[in-house]
Amino acid sequence: MPLDDASAPADVRTLSYSEAIREALAQAMAADPRVFLFGEDVGVYGGAFGVSGDLVHRFGAERVIDTPISELGLAGAAVGAALTGMRPVLEIQFSDFVTLAMEQIVNQAAKIRFMFGGRATVPLVIRLPGGSGTGAAAQHSQSLEAWFAHVPGLKVVQPATPHDAKGLLLAAIDDPNPVLVFEHKLLYKSKGQVPAAMYREPIGKAAVRREGRDVTIVGTSIMALRAAAAAEKLAQENIDAEVIDLRSLRPLDFETIAQSVRKTRRLVVVYEGVKTMGIGAEIAAQVAESDVFHALAAPIARLGGADSPIPYNPVLEKAAVPQEGDIVAAARKLVR
């Protein structure tokens, strides 16, 4: 099954990933006056990656707000706006720059609902363009999503398709909790089928993109696409791979993973973040701590980024994160 199902209702169009995000923002802003977008260059310039486009002309500069360069200040403004009843959507120009806003996100947004016994909520969304592959070097190419998945009180999603980019963003805007949406920069121009109507994809639910019997491959973000491509190559070797697009890191849909591994008895987890202490380690640990462990016919394989800053050199940059061939080799090794 492809990542975007070709059998779709008549109101489904082919949109790019960035167009799907823009449509979600426009629909949410049209439906709810509390929703607003702000960040560096999101207005007249249309966003660093062109995602916000013409939204400033459609909704005005009071709801699509160009801001100064101060990520800590922006995150604090987002928390404050959410606490007073607004539904802010903050775009951080590169996900790497969120490091400047950790105090407000980790110490404030994630904890306020718990510290006030649920009497206060922080319904904010932070959009974070991340990942490597654009030649932007070590300070603009990181995958930091596992940092935030470690923090109770935050939700973390990683849409891999235009369909999920829209559906998960709309779900995030509705959510009473702070949600971080990591958007891979290489996916912005990718295309897929997206319904015109407003819809939500559930946060915390993985998607089985391809059913198989021999090995389970769990991918996050762009790695879900590479896993699907790897599965097609494996099929030529009579290896039937099941592909799971995790979609959400926190909450984590362990049950979908467990159900698949009980069937295939083998597991490969592939993610772009640094392998050491990454999301693959958490998934492997949960499998090892559950009865799924007894179903395994081979050790769990983790494919993650190198223990190195992302290089600028394009050959080294590509070598620093898992590629399609790496996934094929890891799955083949488990099966044979």
Side-chain angles (χ1 to χ4, degrees), residues 3 15-22 39-53 66 69 71 74 90-102 126-148 156-162 164-165 180-192 219-230 233 245 249 270-276 278-280 302-330:
L3 287 185
L15 297 181
S16 71
Y17 190 99
S18 60
E19 288 170 338
I21 295 169
R22 187 183 312 132
E40 298 159 15
D41 293 327
V42 300
V44 175
Y45 187 70
F49 297 95
V51 175
S52 50
D66 280 322
I69 301 175
E71 281 73 18
L74 299 181
L90 169 61
E91 177 182 310
I92 300 293
Q93 200 169 69
F94 284 80
S95 67
D96 314 68
F97 304 161
V98 77
T99 55
L100 295 162
M102 293 293 281
I126 302 178
R127 294 182 38 246
L128 298 151
S132 65
T134 62
Q139 295 171 324
H140 299 74
S141 304
Q142 298 170 86
S143 298
L144 301 177
E145 56 277 353
W147 286 15
F148 297 96
V156 181
V157 299
Q158 286 188 292
T161 68
D164 285 351
L180 281 71
V181 182
F182 282 87
E183 304 162 2
H184 201 290
K185 297 191 290 290
L186 289 185
L187 294 178
Y188 281 134
K189 294 182 180 179
S190 65
K191 293 184 180 294
T220 63
S221 186
I222 197 172
M223 294 303 166
L225 280 74
R226 292 180 184 169
K233 288 190 175 180
D245 177 358
L249 299 190
V270 55
Y271 51 104
E272 186 165 337
V274 173
K275 177 181 177 180
T276 303
I279 187 64
R302 289 184 296 143
L303 298 180
D307 283 310
S308 165
I310 298 293
Y312 171 72
N313 177 284
V315 176
L316 295 178
E317 180 184 32
K318 189 173 182 179
V321 299
Q323 303 296 327
E324 185 181 317
D326 301 315
I327 303 170
V328 170

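Note that these values count all heavy atoms, side chains included, but never hydrogens, waters or copies made by symmetry.
- Phe182 pairs by the ring pair (Phe, Tyr, Trp, His ring centres under 6.0 Å) definition with nothing, not counting sequence neighbours.
- By the neighbour-count criterion of 12 heavy atoms within 6.0 Å, atom CD1 of Ile69 is sparsely surrounded, having that number or fewer from other residues, nucleotides or ligands.
- The shortest side-chain heavy-atom distance between Glu71 and Ile92 falls under the 4.5 Å cut-off.
- The closest side-chain heavy-atom distance from Glu183 to Leu128 is not below 4.5 Å.
- Ser16 places no side-chain N or O within donor-acceptor distance of the main-chain N or O of Lys191, the cut-off being under 3.5 Å.
- Between Phe97 and His140, the gap from one ring centroid to the other is short of 6.0 Å.
- Separating the CG atom in Leu144 from the CD atom in Glu272 is a distance of 10.5 Å, to the nearest 0.5 Å.
- Atoms CG and CD1, from Leu180 and Ile126 in turn, are 4.5 Å apart once rounded to the nearest 0.5 Å.
- Contact check on Glu324 versus Arg226 returns no salt bridge, with no Lys/Arg side-chain nitrogen under 4.0 Å from an Asp/Glu carboxylate oxygen.
- Across Val321 and Asp326, no two heavy atoms sit closer than the pair O-OD2, 4.1 Å.
- Put simply, the side chain of Val270 does not reach to within 4.5 Å of the side chain of Arg302, judged on heavy atoms.
- In plain terms, the two heavy atoms of Ile310 and Ala320 that are nearest each other are CD1-CB, 4.3 Å.
- Ser52 places a side-chain N or O within 3.5 Å of a backbone atom of Gly47 that can act as its donor or acceptor partner.
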Side chain to side chain donor-acceptor pair (under 3.5 Å) between Gln142 and Ser95, intermediate numbers included
CA-CA 7 Å; Gln142 298 170 86; Ser95 67; over 6 Å; no
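- Counting heavy atoms from C-beta outward, Glu317 and Tyr312 have side chains that stay 4.5 Å or more apart.
- The closest side-chain heavy-atom distance from Tyr188 to Val51 is below 4.5 Å.
- The line from CG of Leu316 to OG of Ser308 is 8.5 Å long, rounded to the nearest 0.5 Å.
- Inter-residue side-chain proximity for Val98 and Trp147 is flagged as unmet; no heavy-atom pair is nearer than 4.5 Å.
- Closest approach of Val274 to Ala306, counting heavy atoms only: CG2-O, 3.7 Å.
- Here the shortest heavy-atom pairing between Ala227 and Ile327 reads N-CD1, 3.8 Å.
- Side-chain N or O atoms of Asp66 include one that pairs as donor or acceptor with a backbone N or O of Gly43 at under 3.5 Å.
- The shortest non-hydrogen separation linking Gly50 to Arg22 is O-NH2, 2.8 Å.
- Taking CD1 from Ile279 and OG from Ser143, the interatomic distance works out to 12.5 Å, rounded to the nearest 0.5 Å.
- When atom types are taken as modelled, the side chain of Asp164 and the backbone of Thr161 share no donor-acceptor pair closer than 3.5 angstrom.
- In plain terms, the two heavy atoms of Gln158 and Glu145 that are nearest each other are NE2-CD, 3.3 Å.
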ring-ring contact (aromatic ring centres under 6.0 Å, His included) for Tyr17 and Phe49? Distances and angles first, verdict last.
CA-CA 11 Å; Tyr17 190 99; Phe49 297 95; over 10 Å; no
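- For Thr99 (side chain) and Asp96 (main-chain N/O), a donor-acceptor pair under 3.5 Å exists by modelled atom type.
- Contact of the Glu40 side chain with the Leu74 side chain is registered, since non-hydrogen atoms from C-beta on lie closer than 4.5 Å.
- Under the 4.5 Å side-chain criterion, counting only non-hydrogen atoms from C-beta, Leu225 is in contact with Leu187.
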